[in-house]
Amino acid sequence: MPILSALHVYPIKSCGGISVTEWEVDAFGLSFDRRWMLVTPRGRFLTQRELPALALVRVSIAPPHLRVTAPGSPELVTPLSPQGGRPVATEVWGDPLQVLAPDHKADEWFSNFLGHEVMLAYFPERMVREVDREYAPDGGRTGFADGYPFLLVGETSLADLNARLATPLPMNRFRPNLVVSGSTPFAEDGWRRITIGGIPMQVVKPCARCVVTTTDQASGRRDGDEPLRTLATFRRRDNQVMFGQNVVHYATGRLRVGDGVDTGYPIPGVG
């Protein structure tokens, strides 16, 4: 049986992730995952696509605070679960959202670091953003993720890709939540119903990759056109290149590195 070999949480969309050995799963996915996001004053969401320097922002969770650091900047400490704030109208890939900007200090911190006026938006608990039912007809919920609660990648899939590259790349180029070992390369393409740590999940669609994968997550610099150029030679579909799988979940619980990944698990009530 494949096993869960790594877990990664990204509290602020497109900023540095946190590698953990175990973590709670709530209605949104991994608890606190992509519950924060940077937006322009007009509400346009921002990621490493436009601002690769976001890779340099390091985030840690120290309840009741979110702590943020970046080169040349003092530490930012902001409430982890704010109860109020200024209303902000934004969107993520066409999904309109009414969220909050709770901390002027955080807005100023990020604006100074990035050299652009931005706001740090928070996705409140009461807000519901459904996943795309075209791919996940049984529904699901997510926060500021591109579209689904989890991104899953197999270690052997990366090994297969790296064997084709002049310079191998680390897993963090692909920013997965769930990393799996013990499967064959790209086995996750054929998975549909799985369970990890007793939590039933469904693999709903491949992940189309973008320029973020060309960003060195340690330096915040673009690194040529790899891995997109090589992926396009053998992972092209509908004029996009695919790597990893989007996943929805149907229960809450706790995931731990070392959990088995049952790839034939029936999901109660899901056709």
Side-chain angles (χ1 to χ4, degrees), residues 1-10 14 16-21 23 29-30 33-34 48-49 55 131 135-136 142 145-197 199-218 223-249 255-265:
M1 180 184 292
I3 65 167
L4 185 65
S5 56
L7 272 170
H8 305 289
V9 185
Y10 307 92
S14 247
I18 306 169
S19 296
V20 297
T21 56
W23 205 255
L30 292 176
D33 185 66
R34 289 163 296 188
Q48 286 186 36
R49 296 171 181 88
V131 298
Y135 298 101
T142 191
D146 275 357
Y148 300 90
F150 298 95
L151 176 63
L152 181 150
V153 174
E155 286 186 359
T156 56
S157 301
L158 177 60
D160 183 284
L161 170 61
N162 277 336
R164 304 166 191 257
L165 297 173
T167 303
L169 298 176
M171 184 65 79
N172 66 10
R173 284 292 185 100
F174 303 95
R175 300 177 61 82
N177 298 111
L178 311 175
V179 180
V180 174
S181 66
S183 57
T184 57
F186 304 105
E188 59 268 27
D189 291 351
W191 296 347
R192 290 298 173 263
R193 301 178 184 185
I194 64 175
T195 183
I196 309 176
I199 299 175
M201 301 179 177
Q202 193 159 18
V203 180
V204 296
K205 73 181 293 290
C207 182
R209 307 318 303 227
C210 70
V211 69
V212 172
T213 60
T214 70
T215 305
D216 185 323
Q217 297 295 300
D223 192 19
D225 58 1
E226 292 290 13
L228 295 179
R229 181 168 61 85
T230 295
L231 283 171
T233 66
F234 75 112
R235 297 288 296 172
R236 182 178 290 276
R237 173 178 165 183
D238 299 329
N239 206 35
Q240 296 178 311
V241 294
M242 306 297 185
F243 190 83
Q245 290 285 335
N246 290 291
V247 175
V248 297
H249 61 305
L255 293 176
R256 296 173 176 84
V257 170
D259 283 342
V261 180
D262 188 336
T263 61
Y265 187 82

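All residue numbers refer to positions in the sequence shown, counting from 1.
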- Look at Asp146 together with Arg49 and state whether they make a salt bridge at an N to O cut-off of under 4.0 Å.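 Salt bridge flag = yes for Arg49 with Asp146.
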- Begin with the C-alpha distance, continue with both residues' side-chain angles, and end with the deciding distance and a verdict on side chain to side chain contact (heavy atoms under 4.5 Å, CB included) for Leu255 and Leu30. CA-CA 9 Å; Leu255 293 176; Leu30 292 176; 4.1 Å; yes
- Return the set of residues passing side-chain hydrogen bond (donor to acceptor under 3.5 Å, both in side chains) with Ser14 (not counting sequence neighbours), or none when no residue passes.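 side-chain hydrogen bond (donor to acceptor under 3.5 Å, both in side chains) list for Ser14, sorted by chain: empty.
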- Item | Residues which pass side-chain hydrogen bond (donor to acceptor under 3.5 Å, both in side chains) with Asn172, listed by chain and number, not counting sequence neighbours |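 Applying side-chain hydrogen bond (donor to acceptor under 3.5 Å, both in side chains) to Asn172 gives none.
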Supply the atom-to-atom distance [X] [atom1] to [Y] [atom2], rounded to the nearest 0.5 angstrom.
X: Thr167; Y: Asp223; atom1: OG1; atom2: CG; answer: 7.5 Å
X: Thr213; Y: Leu231; atom1: OG1; atom2: CG; answer: 7.0 Å
X: Asp160; Y: Leu165; atom1: CG; atom2: CG; answer: 10.0 Å
X: Arg164; Y: Thr233; atom1: CZ; atom2: OG1; answer: 6.5 Å
X: Thr142; Y: His249; atom1: OG1; atom2: NE2; answer: 8.5 Å

Testing the basics here: between [X] and [Y], what is the closest heavy-atom pair and its distance to 0.1 Å?
X: Ala136; Y: Val204; result: CB-CG1, 3.8 Å
X: Arg209; Y: Phe243; result: NH1-O, 2.8 Å
X: Val203; Y: Trp191; result: CB-O, 3.3 Å
X: Pro149; Y: Val248; result: CD-CG1, 3.8 Å
X: Arg235; Y: Asp189; result: NH1-OD2, 2.7 Å
X: Ala6; Y: Val257; result: CA-CG2, 4.0 Å

- Message: Between Glu188 and Ser157, is there a side-chain donor-acceptor contact under 3.5 Å, judged purely by atom types and distance?
- Response: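 Yes, a side-chain donor-acceptor pair sits under 3.5 Å.
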- Expected output: side-chain Glu155 to main-chain Ala159 donor-acceptor under 3.5 Å: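 No; zero donor-acceptor contacts below 3.5 Å.
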- Heavy-atom donor-acceptor pair, Thr230 side chain to Pro227 backbone, under 3.5 Å: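 Pair absent, no side-chain N/O of Thr230 close to backbone of Pro227.
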Residues 174-185 side chain polar contacts: donor-acceptor under 3.5 Å, at least two apart:
| from | atom 1 | to | atom 2 | distance (Å) |
| --- | --- | --- | --- | --- |
| Arg175 | NH1 | Cys15 | O | 3.2 |
| Arg175 | NH1 | Gln217 | OE1 | 3.2 |
| Arg175 | NH2 | Cys15 | O | 2.7 |
| Asn177 | OD1 | Arg34 | NH2 | 2.9 |
| Asn177 | OD1 | Leu151 | N | 3.0 |
| Asn177 | ND2 | His8 | O | 3.1 |
| Asn177 | ND2 | Asp33 | OD1 | 3.3 |

- Of all residues at least two apart in sequence or in a different chain, which pass the side chain to side chain contact (heavy atoms under 4.5 Å, CB included) check with Ala218?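 Testing Ala218 for side chain to side chain contact (heavy atoms under 4.5 Å, CB included), a comparison that skips the adjacent residues, returns Asp216.
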- Counterpart residues, side chain to side chain contact (heavy atoms under 4.5 Å, CB included), relative to Val20 (two or more places apart):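 Checked Val20 against side chain to side chain contact (heavy atoms under 4.5 Å, CB included); matches are Leu7, Val9, Ile18, Trp23.
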- Message: Name the residue from Ile196, Asn246, Val247 that meets the side chain to side chain contact (heavy atoms under 4.5 Å, CB included) definition with Phe150.
- Response: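 The side chain to side chain contact (heavy atoms under 4.5 Å, CB included) with Phe150 is passed solely by Val247 among Ile196, Asn246, Val247.
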- Item | ring pair (Phe, Tyr, Trp, His ring centres under 6.0 Å) involving Tyr10 - partner list, sequence neighbours excluded |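 For Tyr10 there are no ring pair (Phe, Tyr, Trp, His ring centres under 6.0 Å) partners, ignoring immediate neighbours.
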- Item | Validation row: Leu152, Met201 side chains within 4.5 angstrom (heavy atoms) |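 No, their side chains stay 4.5 Å or more apart.
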- Message: Using side-chain heavy atoms (C-beta onward) and a distance below 4.5 Å, is Leu4 in contact with Arg256?
- Response: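 Answer no - side chains too far apart.
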- Under the side chain to side chain contact (heavy atoms under 4.5 Å, CB included) rule, what do Met171 and Val153 come out as? Steps first, then yes or no, please. CA-CA 9 Å; Met171 184 65 79; Val153 174; 3.6 Å; yes
